[in-house]
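The structure presented is a predicted model; accordingly, all values stated were derived computationally and were not measured. Atoms considered below: every heavy atom in the structure, side chains included; atoms not considered: hydrogens, waters and symmetry mates. Along the sequence shown, residues carry numbers from 1.
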Amino acid sequence: MRLFRKMFADKILRYYEGTNSGVRALGKVPVLKNHITEETFGEHSKLRAVVGITIQIFVILWEFIKRFMYVFALIYIPYRILGEFCPLVKANQELTIIFMFVMLSTICGSFANNTLFTIGDRDYLMIRIMLISPYLNFLGNLIYKMVTEFVFYLIILCIFGVSFPHSLMLCVLNMCARPIGEMFAILSFDHFSWIYDNKSVFNGTVMAACVLLAYGIPLFARRIAPEWIYAVHPFVVLIVFLAGAGAMYFLWWYKYYRKIIREAMHFKREG
């Protein structure tokens with residue numbers, strides 16, 4: 001339990017921050033504030049827990065909405081636009097969405113939006129102020145991201161016309177690609193410093209390449225190759241699952257997170 005609390009200390013802190021914000025907001029409601037005392041939302045009161053849980057439900061809902069809008073704006077809308085010019089693209093909605101999702105989320109998201117390349121102020125707070133181990137902070141963020149994306153995208157892909165079996169396989173593929181991208185970031189820090197030192201350029205290049213491929217291939221080919229359905233084939237997903245498991249094993253036993261985080265914090269302050 002202690003390991004769990006340390007690994008997800010950021011999420012626990014966000015829960016308390018949300019609870020306090022909710023209590024303060026209720027205390028400003030004109031009629032309601034006259035009936036609120038210190039005991040109403042005491043440290044162990046049920047009402048305080050209700051406020052905290054309600055706030056977290058809205059936070060999770062907002063995270064879902066952001067991912068829904070991402071798929072809608074960057075995948076579904078381009079599919080509809082391309083479909084106006086390319087009848088074979090329009091006739092293969094599921095295949096097109098699978099192709100674009102693999103390009104923009106599985107590949108681009110794993111290598112250009114990984115946790116170690118996007119260290120932020122929140123990580124500084126947890127590591128330097130809350131004294132959470134960089135190792136546990138990193139793993140907690142990664143696991144939370146993998147689990148939430150799996151659940152959210154499974155629902156979203158089904159909404160946008162991808163069958164449940166294919167959505168499930170695609171979400172497993174996407175989830176397993178995350179630790180591979182994180183392992184690449186660590187290897188670039190240890191052995192390919194020119195990538196790590198220029199990670200902004202690298203991220204921009206990967207994003208640009210994936211966007212051009214995601215939209216350019218169906219536009220110029222005027223269709224999506226039927227072979228892309230193999231991206232959700234159980235054998236392909238199994239191979240990526242094994243690769244992801246190996247990457248997760250590497251991440252679990254890697255010893256030098258503190259060195260990476262310290263240098264990342266230094267770069268952030270310098271920037």
Do [X] and [Y] have side chains that approach each other closer than 4.5 Å (heavy atoms only, starting at C-beta)?
{"X": "Ile55", "Y": "Thr19", "answer": "no"}
{"X": "Lys11", "Y": "Asn141", "answer": "yes"}
{"X": "Leu173", "Y": "Val232", "answer": "no"}
{"X": "Tyr70", "Y": "Leu104", "answer": "yes"}
{"X": "Val59", "Y": "Arg14", "answer": "no"}
{"X": "Ile224", "Y": "Asn92", "answer": "no"}
{"X": "Leu251", "Y": "Leu142", "answer": "yes"}
{"X": "Met169", "Y": "Val236", "answer": "no"}

Hydrophobic cluster mates of Phe241, side-chain heavy atoms under 4.5 angstrom, ILVMFWY only, any path? Leu238, Leu242
Remaining members of Ile239's ILVMFWY cluster at a side-chain heavy-atom cut-off under 4.5 Å? Phe235
If you take all heavy atoms of [X] and [Y], which pair is closest and at what distance?
{"X": "Ile156", "Y": "Phe68", "result": "CD1-N, 3.4 Å"}
{"X": "Ile180", "Y": "Ala243", "result": "CD1-CB, 3.8 Å"}
{"X": "Phe202", "Y": "Phe111", "result": "CE2-O, 3.6 Å"}
{"X": "Cys210", "Y": "Ile107", "result": "SG-CG2, 3.9 Å"}
{"X": "Leu82", "Y": "Pro218", "result": "CD1-CG, 3.8 Å"}
{"X": "Val237", "Y": "Ala231", "result": "CG2-O, 3.9 Å"}

Same cluster or not: are [X] and [Y] linked, directly or through other Ile, Leu, Val, Met, Phe, Trp or Tyr residues, by side-chain heavy atoms under 4.5 angstrom apart?
{"X": "Leu212", "Y": "Phe85", "value": "no"}
{"X": "Leu213", "Y": "Phe220", "value": "no"}
{"X": "Phe64", "Y": "Phe160", "value": "yes"}
{"X": "Phe101", "Y": "Tyr215", "value": "yes"}

Strictly by salt bridge (Lys or Arg N to Asp or Glu O under 4.0 Å), give each pair with a member in residues 228-239 just once, sequence neighbours left out. none
Output the distance between atom [atom1] ([X]) and atom [atom2] ([Y]), rounded to the nearest 0.5 Å.
{"X": "Leu88", "Y": "Thr96", "atom1": "CG", "atom2": "OG1", "result": "9.5 Å"}
{"X": "Ile217", "Y": "Met100", "atom1": "CD1", "atom2": "CE", "result": "10.0 Å"}
{"X": "Thr106", "Y": "Ile98", "atom1": "OG1", "atom2": "CD1", "result": "10.5 Å"}
{"X": "Glu227", "Y": "His233", "atom1": "CD", "atom2": "NE2", "result": "13.0 Å"}
{"X": "Phe250", "Y": "Ile186", "atom1": "CZ", "atom2": "CD1", "result": "5.0 Å"}

Looking at residues at least two apart in the chain, or sitting in another chain, which of them share a side-chain hydrogen bond (donor to acceptor under 3.5 Å, both in side chains) with Tyr254? Asp190
By side-chain hydrogen bond (donor to acceptor under 3.5 Å, both in side chains), which residues pair with Tyr230, not counting sequence neighbours? none
List the atom pairs, donor and acceptor, that lie under 3.5 Å between side-chain atoms in residues 145-155 and the rest of the protein, sequence neighbours left out.
unit_1	atom_1	unit_2	atom_2	d
Lys145	NZ	Asn113	O	2.9
Thr148	OG1	Tyr144	O	2.7
Thr148	OG1	Lys145	O	3.3
Glu149	OE1	Asn174	ND2	3.4
Glu149	OE1	Arg178	NE	2.8
Glu149	OE1	Arg178	NH2	2.8
Glu149	OE2	Arg178	NH2	3.3

side-chain contact (heavy atoms from CB on, under 4.5 Å) for Leu170 and Val102? Distances and angles first, verdict last. CA-CA 8 Å; Leu170 193 53; Val102 170; 3.7 Å; yes
Residues two or more places apart in sequence or in another chain: which of them pass side-chain contact (heavy atoms from CB on, under 4.5 Å) with [X]?
{"X": "Trp62", "value": "Ile65, Lys66"}
{"X": "Ser163", "value": "Glu94, Pro165, His166"}
{"X": "Thr54", "value": "Val50, Phe58"}

Which pairs would a plain distance check flag for residues 72-80, meaning a side-chain donor or acceptor within less than 3.5 Å of a matching protein atom at least two apart in sequence or in another chain?
unit_1	atom_1	unit_2	atom_2	d
Tyr79	OH	Lys90	O	2.8

